[in-house]
Amino acid sequence: MEQSFYDQVFELVRLIPKGRVSSYGAIAKSLGAGGSARMVGYAMSNAGAAHPPIPAHRVVNSSGLLTGKFHFKTPELMQELLEAEGIAVKNDKVQNFRTLLWDPLLEL
DNA sequence: TGGATGACGCAGG
DNA sequence: CCCTGCGCCATCC
């Protein structure tokens with residue numbers, strides 16, 4: 001059963017280590033779809049409905065901005081989840097993003 | 001089958 | 001640093 005891009009995204013996102021973050025672009029690229037970063041985000045809209053919960057809060061845009069926070073149950077939830085894992089967030093942006101970034105291509 | 005959609009990325013001002 | 005516009009492309013209806 002061919003797993004759609006969605007499913008591949010879900011599985012990869014679930015592999016993101018606690019206390020680390022990843023970006024839509026990095027995920028898309030690791031799946032061999034460099035230009036479809038938007039699809040990654042689009043896939044995440046299903047994250048809330050997906051069965052094994054997906055740590056979508058660990059996925060931010062290439063700048064470390066919490067662009068998808070409005071898709072959570074509450075806009076504050078995303079930041080709170082990140083801070084609960086030891087990730088500093090300021091002004092909707094992940095601090096030390098470059099350091100915390102988990103690139104599947106490099107670390108998997 | 002075709003066209004709209006979108007939790008992005010990058011370049012330019 | 002902030003904002004704007006354009007391109008990308010799998011999925012949905």
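Being a predicted model, the structure only gives us computed values, none of them experimental.
Put simply, NZ on A/Lys69 is 13 Å from C1' on B/dA7, counting in whole angstrom units. With rounding to whole Å, A/Ile27 atom CD1 is found 18 Å from C/dC9 atom P. Spacing between atom CG of A/Asp92 and atom C1' of B/dC8 amounts to 17 Å, rounded to whole angstrom units. When the C1' atom of B/dG9 is taken as reference, atom NZ of A/Lys29 falls 11 Å away, rounded to whole Å. Note: CG (A/Asp103) to P (B/dG9) measures 12 Å, nearest angstrom. Residue A/Leu81 contributes atom CG, which lies 15 Å from atom C1' of B/dA7 at whole-angstrom precision.
At a threshold of 4.5 Å between non-hydrogen side-chain atoms, the residues A/Phe97 and A/Leu65 do not count as touching. Counting only heavy atoms from C-beta outward, the side chains of A/Val40 and A/Leu12 never approach each other to under 4.5 Å. For the pair A/Val59 and A/Val9, the minimum side-chain heavy-atom distance is 4.5 Å or more. Side-chain contact between A/Met44 and A/Val13 is present, with heavy atoms from C-beta onward closer than 4.5 Å. Side-chain contact check for A/Val21 versus A/Ile16: every heavy-atom pair is 4.5 Å or farther apart.
Closest heavy-atom contact between A/Leu82 and A/Arg58: CD2-CA, 4.2 Å.
With sequence neighbours excluded, the residues satisfying side chain to side chain contact (heavy atoms under 4.5 Å, CB included) with A/Gln8 are A/Gln3, A/Leu31. Listed by chain and residue number, A/Leu105 satisfy the side chain to side chain contact (heavy atoms under 4.5 Å, CB included) test with A/Lys29 (two or more places apart in sequence, or in another chain). Shown here are the side chain to side chain contact (heavy atoms under 4.5 Å, CB included) partners of A/Thr74, two or more places apart in sequence or in another chain: A/Glu76, A/Leu77.
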Sub-3.5 Å pairs of nitrogen or oxygen atoms, protein against nucleotides 10-12 of chain C:
unit_1, atom_1, unit_2, atom_2, d
C/dT11, OP1, A/Phe5, N, 2.9

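By the criterion of side-chain heavy atoms lying less than 4.5 angstrom apart, applied directly or through intervening Ile, Leu, Val, Met, Phe, Trp or Tyr residues, A/Leu15 is grouped together with A/Tyr24 in one hydrophobic cluster.
Within residues 10-18 of chain A, no residue is approached by DNA chain B to less than 4.0 Å at the level of any non-hydrogen atom. For residues 56-64 of chain A, proximity to DNA chain B is found at A/Ala56, A/Asn61, A/Ser62, defined as any non-hydrogen atom under 4.0 angstrom from a strand atom.
A donor and an acceptor atom sit less than 3.5 Å apart, one in the side chain of A/Arg38 and one in the base of C/dC8.
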**Request:** Go through A/Val94 and A/Leu66 one step at a time and tell me if the side chain to side chain contact (heavy atoms under 4.5 Å, CB included) criterion holds.
**Result:** CA-CA 8 Å; A/Val94 175; A/Leu66 281 53; 3.7 Å; yes
